[in-house]
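To start, the structure itself, in C-alpha cells.
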Amino acid sequence: MAPKEIVTYEEYLPMRLALLEKEKQATRARDELSAARRQLPLVEVATSYKFTAVDAAGDHKEVTLLDLFNGRPQLIIYHFMFDPSWDAGCSSCSLFADHIPPLEHLNSHSTSFAAVSRAPVEKIEAYKKRMGWKFPWVSSNGTNFNYDFHATQDESVAPIQYNFKDKAELERRGMDYFARGEQPGHSVFVLGGEKSGIGEPGKAYHSYSAYARGGEHLIGTLSWLDMAPLGRLDGINGVAGLGYKRRDEYTDDDLKGIEARIGA
C-alpha cells in the first residue's frame, strides 16, 4: 500500500482537478460503451427453455424463458453459481445478490429480472429464505440453459467457452479455472413484438452477456471502496473469490477489518 502524502488544500486542489478530468473522460467513455452495447445485433433464442419455480403457495411450477419476462419487453438474468451438489450459493454471487436493486425500479422501466442456477429449486428456496432475498430465482436443473449461455463448463455437455474465449485461449492466459464448473455472468434478453419494436411477437432474443469482471460495476460495495484511500483491501480476510463472506457468516473480528489484524 503506497504511503499517502499529506498536503495543504491549496496543493491538493490542482491534483484533484486533474483527477476530475480523468473521471469525466471515463464517464464519457462509459456512456459511449453503453451506446455501443445497445447497438449490438440480436440472436433469436431458438430453444424453448423451461425452468422450475415456486409459486405463492409453495408449490413447484414450470416456467418458460418467456414467462420470466412477466409481460415486460426486457429481461436481465443473473447466472448465480449454485451447483446442484452444494448446500449454499457461491459467496461472491451472494455479494452480488445483496446489491440487486428493488425490482420496482427496473419494472417501472420495462425490465424484469431473475436469477438462474442449476441447483434444485428446494435448495434455492432454502438459501433464498436464509439470505432474506425476494427476487425471482429459478432452477435450470436438467436443462442445457447454463451450458448454452456458458455459465457452466463441462466438456461432456458442451464445448468450453467463458467470456467468449475457448478452452485453449483460457489455458493460454492461465485462466483454466474458468474452464470448469459453475461461473458467474449476466445475460440480457428482449421480447419480440410491439412493446419492444423488435423482432417477432412471442420470440425471445439474446442481446448481451457479460462474464468475469464484466458485472463488477454492479456490486456497490466495490464501488464504495474504490472511492476510499485504502481501496478494496483485497485479501484482508483470506476469503476466496471476491474476498467476501456471506453476510450472515461474518464474525465480530471480521467486522473490525484491519483493527483485528494489527492487534489494535
Between D59 and D55 (side chain of the first, backbone of the second, donor and acceptor by atom type, cut-off under 3.5 Å), is there such a pair? no

Looking only at heavy atoms, the pair that brings Y127 and S94 closest together is OH-OG, 2.6 Å

Those residues at least two apart in sequence (or on a different chain) that pass ring-ring contact (aromatic ring centres under 6.0 Å, His included) with F96 are Y78, H186

Original post:
In terms of hydrophobic clusters joined by side-chain contacts under 4.5 Å, are V116 and V190 together?
Top reply: no

How far apart are the C-alpha atoms of K165 and Q161, what are their side-chain angles, what is the distance that settles it, and do they pass the side-chain contact (heavy atoms from CB on, under 4.5 Å) test?
CA-CA 5 Å; K165 300 173 182 65; Q161 184 191 109; 5.9 Å; no

Salt bridge (charged side-chain N to carboxylate O under 4.0 Å, His left out) filter on R16, not counting sequence neighbours, yields E23

**S92 (side chain) donor-acceptor with L242 (main chain) under 3.5 angstrom** = yes

Heavy-atom nearest pair, G257 first then I236, reads C-CD1, 3.9 Å

Partner of K245 under salt bridge (charged side-chain N to carboxylate O under 4.0 Å, His left out), picked from D253, D98, D254, is D254

When rounded to the nearest 0.5 Å, the distance separating CD of Q25 from NZ of K22 is 8.5 Å

Without swapping roles, check the side chain of D252 against the backbone of K256 for a donor-acceptor pair under 3.5 Å. no

CG of L42 to CD of E44, rounded to nearest 0.5 Å, is 10.5 Å

Here the salt bridge (Lys or Arg N to Asp or Glu O under 4.0 Å) pairs for residues 99-111, sequence neighbours left out, are none

For L40 and S207, the nearest pair of non-hydrogen atoms, with its separation, is CD1-O, 3.9 Å

Enumerate donor-acceptor pairs with a distance under 3.5 Å from any side-chain N or O in residues 83-91 to protein atoms, sequence neighbours excluded.
residue, atom, partner, partner atom, Å
D83, OD1, S85, N, 2.8
D83, OD1, S85, OG, 2.6
D83, OD2, R118, NH2, 3.1

- Could you walk me through whether K129 and E125 pass salt bridge (Lys or Arg N to Asp or Glu O under 4.0 Å), step by step? CA-CA 6 Å; K129 181 178 180 181; E125 286 297 301; over 6 Å; no

Side chain to side chain donor-acceptor pair (under 3.5 Å) filter on D148, not counting sequence neighbours, yields Y49

- Query: Would you say T111's side chain and H109's backbone share a donor-acceptor pair under 3.5 angstrom?
  - Reply: yes

dist S112:OG -> R72:CZ (nearest 0.5 Å) comes out at 4.0 Å

- Query: In terms of side-chain geometry, is the basic nitrogen of E21 or K24 positioned less than 4.0 Å from the acidic oxygen of its partner?
  - Reply: no

Next on the checklist: For a 4.5 angstrom cut-off between non-hydrogen side-chain atoms, does R246 reach M131?
Outcome noted: yes

Distance col, row L170:CG vs Y162:OH, nearest 0.5 angstrom, shows 9.5 Å

Verify the cluster assignment for W137 and V63: are they in a single hydrophobic cluster under the rule of side-chain heavy atoms below 4.5 Å apart?
no

Sorted by chain and number, sequence neighbours left out, salt bridge (charged side-chain N to carboxylate O under 4.0 Å, His left out) with E122 holds for none

Applying side-chain contact (heavy atoms from CB on, under 4.5 Å) to K50 and not counting sequence neighbours gives E62, T64

Residues at least two apart in sequence or cross-chain that pass side-chain contact (heavy atoms from CB on, under 4.5 Å) with R180, listed by chain then number, are D176, Y177

For F145 and S140, the nearest pair of non-hydrogen atoms, with its separation, is CB-CB, 4.2 Å

Does atom CZ (F164) have a neighbourhood of more than 12 heavy atoms from anything else shown, all under 6.0 Å?
yes

Exercise. Verify the neighbour count for atom CD of E194: are there more than 12 heavy atoms of other residues, nucleotides or ligands below 6.0 Å?
Key: no

Closest non-hydrogen atoms of F178 and Q153, given as atom of the first, atom of the second and distance, are O-CG, 3.3 Å

Please indicate whether R130 has more than 12 foreign heavy atoms, meaning atoms of other residues, nucleotides or ligands, lying under 6.0 Å from its CZ. yes

Rounded to the nearest 0.5 angstrom, the CD1-NZ distance for I100 and K134 is 13.5 Å

Going through the distances and angles, do V43 and Y205 end up as a side-chain contact (heavy atoms from CB on, under 4.5 Å)?
CA-CA 5 Å; V43 178; Y205 300 88; over 6 Å; no

All heavy atoms of A158 vs all of Y147, minimum pair found to be CB-CB, 4.2 Å

Practice prompt. Taking the side chain as every heavy atom from C-beta outward, state whether T47 and N144 have any atom pair closer than 4.5 Å.
Written response: no

Inset, instruction - Examine L106 and L75 and state if one hydrophobic cluster contains both, with Ile, Leu, Val, Met, Phe, Trp and Tyr joined whenever side-chain heavy atoms are less than 4.5 Å apart. - result: no

The reported gap from NZ in K203 to CG in L66 (rounded to nearest 0.5 angstrom) is 11.5 Å

Q.
Please evaluate residues D166 and I160 with respect to the criterion side-chain contact (heavy atoms from CB on, under 4.5 Å), reporting the C-alpha separation (whole Å), side-chain torsions for both, the decisive distance (0.1 Å), and the verdict.
A. CA-CA 6 Å; D166 63 16; I160 301 299; over 6 Å; no

Distance-only criterion, 3.5 Å: show the donor-acceptor pairs between side-chain atoms of residues 217-224 and protein atoms not counting sequence neighbours.
residue, atom, partner, partner atom, Å
H217, ND1, G214, O, 3.4
T221, OG1, H99, NE2, 2.7

For residues E155 and K167, determine if any side-chain heavy atom of one lies less than 4.5 Å from a side-chain heavy atom of the other.
yes

**Study point:** T152 side chain to E182 side chain, donor-acceptor N/O pair below 3.5 angstrom
**Key:** yes

Residue set satisfying salt bridge (charged side-chain N to carboxylate O under 4.0 Å, His left out) with E10, at least two apart, ordered chain then number -> none

- request: Determine, using the 4.5 Å side-chain heavy-atom cutoff (strictly less than), whether L33 and Y208 are members of one ILVMFWY cluster.
  value: no

Exercise. State whether the number of non-hydrogen atoms from other residues, nucleotides or ligands found under 6.0 Å of Y250 atom OH is greater than 12.
Key: yes

>> Are Y211 and V188 connected into the same hydrophobic cluster when the rule is that any two of I, L, V, M, F, W, Y join if their side-chain heavy atoms are below 4.5 Å apart?
In response: no

Sequence neighbours excluded, the answer for side-chain contact (heavy atoms from CB on, under 4.5 Å) partners of D226 is R232

Residue set satisfying side-chain contact (heavy atoms from CB on, under 4.5 Å) with H206, at least two apart, ordered chain then number -> V45, F149, S187, F189, S209

I'd like to check V239 versus Y244 (side-chain heavy atoms, cut-off strictly below 4.5 Å). Are they in contact? no

With a 3.5 Å distance limit and no angle check, can you tell me whether S139 reaches the backbone of T52 through a side-chain donor-acceptor pair? no

Look only at the side chain of S196 and the backbone of L191, and say whether a donor-acceptor pair between them is shorter than 3.5 Å. yes

